[in-house]
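Every value quoted in this text rests on a predicted model; they were computed, and no experiment measured them.
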Amino acid sequence: MALLIDIFGLLSVLLSGAEVVAQSFVVGGIAFVLLVIRPFDVRLGEAASDILRRCRRLIFWSAASLALIGLISLLVEASILVDTADITWASALVAQFSVTHAATMVVAIVVTALTSGEAPVRPVALGILAVAVLVAATLTTHAMARLDNRLPLALAE
């Protein structure tokens, strides 16, 4: 565990960067589907179905990556907390960061389920899930880690 503590800083930065990339692809892919493909699918003609299929694949793999990154982040951060603060795993898994990572994983899994296969895309559901990804991302920022003025800072973020 001492080795994990030594590399935690680097690992944390790498996981945070990967999480931001995955979040960006999920939210950006959903925005592209909702704001470009859906409104212009008639004008795009036959190409619209191919573009939509490719976007769904990108969103699917991005959401699957986001869920995996969330799981790894949760396990790493909880391990550090358990080892350094001398608390139980149960306590670490109900901490705010754990709940936020778990919520992100659930949202990512739902996005993965909605974008897998050839079922019709549910625009309203995808839009709500994209907002949920953004809210979850905001809940893990420095603004939410502060003891005071969380809400105004989180809204600004």
Colleague: What pairs with R53 under salt bridge (Lys or Arg N to Asp or Glu O under 4.0 Å), at least two apart in sequence or on another chain?
Modeller: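 Here the qualifying residues are D50.
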Colleague: Rounded at 0.5 Å granularity, tell me how far CD in E19 sits from OG in S12.
Modeller: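 Taking CD in E19 and OG in S12, the distance rounds to 10.0 Å.
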Colleague: Determine whether L52 and V26 fall in the same hydrophobic cluster, where Ile, Leu, Val, Met, Phe, Trp and Tyr are linked whenever their side-chain heavy atoms lie under 4.5 Å apart.
Modeller: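 Result: yes, single cluster for both.
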Colleague: Pick one: which of V133, V131, T138 meets side-chain contact (heavy atoms from CB on, under 4.5 Å) with V135?
Modeller: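 Only match with V135 under side-chain contact (heavy atoms from CB on, under 4.5 Å): V131.
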Colleague: Measure across S73 and H101 and return the closest heavy-atom pair with its distance rounded to 0.1 Å.
Modeller: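 Distance-wise, the nearest heavy atoms are CB-CE1, 3.6 Å.
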Colleague: Side-chain heavy atoms nearer than 4.5 Å, only ILVMFWY residues, links allowed to pass through others: does that put I59 and V36 together?
Modeller: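 Hydrophobic grouping puts I59 with V36.
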Colleague: Closest heavy-atom contact between A67 and I109?
Modeller: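 Shortest heavy-atom contact: CB-CG1, 4.1 Å.
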Colleague: Do I51 and F32 touch side chain to side chain, with heavy atoms closer than 4.5 Å?
Modeller: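 When only atoms from C-beta onward are counted, F32 and I51 do touch, with a gap below 4.5 Å.
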Colleague: Which heavy-atom pair separates V107 from A132 by the least distance, and what is that distance?
Modeller: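 Taking V107 first and A132 second, the nearest heavy atoms are CG2-CB, 3.9 Å.
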Colleague: Can you name the nearest heavy-atom pair linking A125 to L114, along with the distance?
Modeller: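 Between these two residues, the closest heavy atoms are CB-CD1, 3.9 Å.
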Colleague: Just how far is it from atom CZ of R56 to atom CD1 of I37, taken to the nearest 0.5 Å?
Modeller: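 Nearest 0.5 Å value for the CZ-CD1 distance: 10.5 Å.
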Colleague: Do F60 and F25 sit in the same hydrophobic cluster, where Ile, Leu, Val, Met, Phe, Trp and Tyr count as joined when their side-chain heavy atoms come under 4.5 Å apart?
Modeller: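 In one cluster: no.
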Colleague: When rounded to the nearest 0.5 angstrom, what is the spacing between CZ in F40 and CG in L35?
Modeller: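 These two atoms lie 9.5 Å from each other.
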Colleague: Please tell me whether L15 and L68 are part of a single hydrophobic cluster in this structure, the criterion being side-chain heavy atoms less than 4.5 Å apart.
Modeller: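 The answer is yes; both residues are in one hydrophobic cluster.
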Colleague: Hey, what do you get for CZ (F8) to OG1 (T84), rounding to the nearest 0.5 Å?
Modeller: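 These two atoms lie 8.5 Å from each other.
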Colleague: What's the shortest heavy-atom distance between V33 and C55, and which atoms?
Modeller: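 Smallest heavy-atom distance, with atoms named: CG2-CB, 3.8 Å.
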Colleague: I'd like to check L58 versus T115 (side-chain heavy atoms, cut-off strictly below 4.5 Å). Are they in contact?
Modeller: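 With C-beta onward as the side chain, the pair stays apart.
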Colleague: Can you name the residues that form a side-chain hydrogen bond (donor to acceptor under 3.5 Å, both in side chains) with S116, not counting sequence neighbours?
Modeller: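 For S116 there are no side-chain hydrogen bond (donor to acceptor under 3.5 Å, both in side chains) partners, ignoring immediate neighbours.
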Colleague: Take atom CZ in F97; do more than 12 heavy atoms of anything else shown fall under 6.0 Å from it?
Modeller: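 Counting neighbours around CZ of F97, more than 12 heavy atoms of other residues, nucleotides or ligands fall under 6.0 Å, so yes.
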Colleague: Rounded to the nearest 0.5 Å, what separates atom CD in E77 from atom CG in L11?
Modeller: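 The CG atom of L11 is 9.5 Å from CD of E77, to the nearest 0.5 Å.
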Colleague: Hey, could you give me the CG/CD1 distance between L126 and I30, rounded to the nearest 0.5 Å?
Modeller: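 Going from CG on L126 over to CD1 on I30, the span is 5.0 Å.
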Colleague: Output the rest of the hydrophobic cluster of V94: all Ile, Leu, Val, Met, Phe, Trp and Tyr residues reachable through side-chain heavy-atom contacts under 4.5 Å, sorted by chain and number.
Modeller: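 For V94, no cluster forms, as it stays isolated from other hydrophobic side chains.
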Colleague: If I compare all heavy atoms of A108 with all of A63, which pair ends up nearest, and what's the gap?
Modeller: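 That would be CB-O, 3.3 Å.
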Colleague: Shared ILVMFWY cluster between L134 and L66, side chains joined below 4.5 angstrom?
Modeller: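 Yes.
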